[in-house]
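Step one of this worksheet: look at the structure below.
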Amino acid sequence: MHTQRISEMIEQKRDLFISVSDNIWSFAETRFEEYQSAELLAQTLESEGFQVERGVGGIKTAFIGSFGSGGPIVAILGEFDALSGMSQKKGQAVQEPEVPGGNGHGCGHNLLGTASLAAAVAVKQYMEENNLKGTVRYYGCPGEEGGSGKAFMARAGLFDDVDFALCWHPMGYNSIMAIESLANYQVYFKFRGKSSHAAASPHLGRSALDAVELMNVGVNYLREHIIPEARVHYAVTNTGGLSPNVVQAYAEALYLVRAPKVDQVQEIYERVCKIAQGAALMTETEVEIVFDKACSNVVQNKVMEQVMYRNFQELGVPVHDEEELKLAKEVRATLTEQELNTSEKEFPDGPDVDMVTWLNPYNGETSPLNGSTDVGDVSWIAPTAQCTTACFVNGSTLHSWQWVSLGGTSLGHKGMLHAGKVLASTAVDMLNNPELIEQAKAELQQRLGGKPYKCPIPEGVQPSVKK
Ligand SMILES: Nc1ccc(C(=O)N[C@@H](CCC(=O)O)C(=O)O)cc1
């Protein structure tokens, strides 16, 4: 049975993978500045016999590790970026930053990137042992958080020859991620006016801050008149300074427009641009619109999800010892009532547990993800499947200090190693059954309805490191 052998391979190298993950946890580098994390993953791939190309797609921290030759080509996607301001000491049930103001792995990408590496290493070993034909590639994908690194990589054509792709995400539960996510555009609106003394000569000034405020008010009215699935958020990234007695000559807002389909995002974005121009007209300022990044919605693939589910069922779920469950209980006790209400149950009236002990049943139904992921762009080019494993306590949320804390402990490591096994087993199953690859590709074509992938990021826009 291939799942058994894959499990052994990953367990044999568990210390290596745990050390890689813990190092990335400590580096905690944010989008497009993940130099140490990317280098550690790249070097580990090289020491495991992969050929590594660094700086792919013109992005310094993007890389591809490759083993084998010819088709089929399987892409295993890894992420490794952290979140700013989320520093937290590991393994404790009290919120306390490790480095005040520092970064932290609030989305578990230290686990994500490392499990994908473990999967790639196991697939390689399995291919060697069984004389399997094909190529396994590890895609080192930087800047998922607010950066859409994979969309830039897709625009550079790096996924064009891939036959199928796999990814996963650490969570508080075990599941097949049968999701459709929201496509999005992230765009700066930069207003320029004229400074002046706010009391002596306000009539000579033109306020860029007024323009930002009026734009936001305008968009808040727009919200009533867009499809309910859409989301428009903004951050005021420059308020024009700290002095109320100076008419603010420069101010800017960063907008994130989301909707189920890229076309819908485009339509709402055009209306947001009109509002920005209206705000500039009202305030006699100039507006510059600077596209930051975008990503596509995920196209699910049931053929691959079924293969992944079968393999996940065979592998079972991560099982925790007493010490781990003690920590899980302490951390879960810090969740709010509302957070606890989002907990998973095995049965509708099942008991409340700190760590889940089951794999959620997969029935092919789609659940919307009220969020976005740049895995979406890959899923338009090659059939893609994803899973989650339980790395964190039941009911805990993404981007929380509890995730940072547990992402550096054996709870996180267990879920990570398990995800590596699921991804590697799924890849091997597909490689062993080329007809499944053909079926998965046919499903993708049918879902796209002949519409080819078009990267939503305009030519010329480069990844930005801004936090
Ligand atoms: N399996 C998941 C993958 C991504 C996310 C997530 O939170 N993504 C960010 C991405 C933001 C972006 O695309 O800029 C978001 O939705 O805000 C959540 C679950």
Side-chain angles (χ1 to χ4, degrees), residues 30-32 77-84 86 104-113 115-116 141-155 165-188 229-235 237 254-260 262 265 269 291-300 305 308 342 360 366-379 384-392 396-400 403-404 407 415-416 419 422-423 455-457 461 463-467:
T30 56
R31 65 161 148 148
F32 301 122
L77 313 176
E79 299 168 10
F80 38 83
D81 57 329
L83 288 156
S84 59
M86 289 218 63
H105 271 287
C107 212
H109 293 180
N110 58 308
L111 305 171
L112 200 170
S116 296
C141 306
E144 189 277 334
E145 298 287 356
S148 290
K150 293 180 203 69
F152 285 100
M153 292 169 81
R155 190 182 68 180
L166 295 163
C167 194
W168 77 290
H169 206 286
M171 283 286 172
Y173 49 85
N174 302 296
S175 76
I176 301 300
M177 261 170 97
I179 57 153
E180 280 177 357
S181 60
L182 300 173
N184 73 38
Y185 285 8
Q186 184 159 281
V187 184
Y188 283 96
E229 301 81 16
R231 293 281 185 277
V232 185
H233 340 285
Y234 57 83
T237 43
L254 180 60
Y255 265 78
L256 183 54
V257 180
R258 316 194 199 219
V262 175
V265 177
Y269 164 66
F291 207 100
D292 187 48
K293 68 99 192 169
C295 67
S296 304
N297 54 294
V298 167
V299 182
Q300 71 160 133
E305 285 167 3
M308 194 179 241
T342 68
N360 286 354
T366 307
S367 45
L369 172 74
N370 286 325
S372 309
T373 164
D374 56 8
V375 173
D377 293 80
V378 181
S379 75
T384 304
Q386 305 184 75
C387 67
T388 70
T389 65
C391 296
F392 308 115
S396 59
T397 62
L398 298 128
H399 301 192
S400 61
W403 275 36
V404 188
M416 166 183 91
V422 177
L423 297 192
C455 181
I457 305 172
V461 173
S464 86
V465 296
K466 285 190 209 77
K467 298 185 180 83

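In listed order, ligands and their atoms are each counted from 1. Since the model is a prediction, treat every value here as computed from it, not as a measurement.
In this structure the side chain of T30 never reaches within 4.5 angstrom of the side chain of D81, judged on heavy atoms. Side chains of V187 and D292 form no contact here, defined as non-hydrogen atoms less than 4.5 Å apart. The closest side-chain heavy-atom distance from S181 to N370 is not below 4.5 Å.
For R258, every heavy-atom contact with ligand 1 shorter than 4.0 Å involves the side chain, none the backbone. Contact annotation: for Q386 versus ligand 1, there are no heavy atoms closer than 4.0 Å. Looking at T388 against ligand 1, nothing comes within 4.0 Å, counting heavy atoms.
Using modelled atom types and a 3.5 Å distance limit, the side chains of Q300 and T366 yield a donor-acceptor pair. Side-chain atoms of W168 and T389 include no donor-acceptor pair closer than 3.5 Å.
Of all atoms in ligand 1, listed by their number and element, those nearer than 4.0 Å to a heavy atom of E144 are 4 (C), 8 (N), 10 (C). Applying the 4.0 Å criterion to heavy atoms of G371 picks out, from ligand 1, the atoms 16 (O). For ligand 1, the atoms sitting less than 4.0 Å from at least one non-hydrogen atom of T373 are 3 (C), 4 (C), numbered in the order shown with element in parentheses.
Closest protein heavy atom to atom 12 (C) of ligand 1: K293 NZ, 3.2 Å. Among protein heavy atoms, atom 1 (N) of ligand 1 sits closest to M177 CE, 3.2 Å. At the top of the distance list for atom 2 (C) of ligand 1, counting protein heavy atoms only, stands H169 CD2, 3.8 Å. Looking from atom 18 (C) of ligand 1 to the surrounding protein, the closest heavy atom is L398 CD2, 3.9 Å.
Checking side-chain atoms of D374 against main-chain N and O of G149 turns up a donor-acceptor pair under 3.5 Å.
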### Task
Check step by step if ring-ring contact (aromatic ring centres under 6.0 Å, His included) holds for H169 and H109.
CA-CA 8 Å; H169 206 286; H109 293 180; 5.5 Å; yes

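Where the criterion is an N or O separation shorter than 3.5 Å, residue side chain and backbone included, N184 meets it with respect to ligand 1.
Closest heavy-atom approach to atom 10 (C) of ligand 1 among the candidates G146, A151, S372, C107: S372.
Aromatic ring pairs are classed by plane angle as parallel below 30°, tilted from 30° to 60° and perpendicular above 60°; the pair F392 and W403 is parallel.
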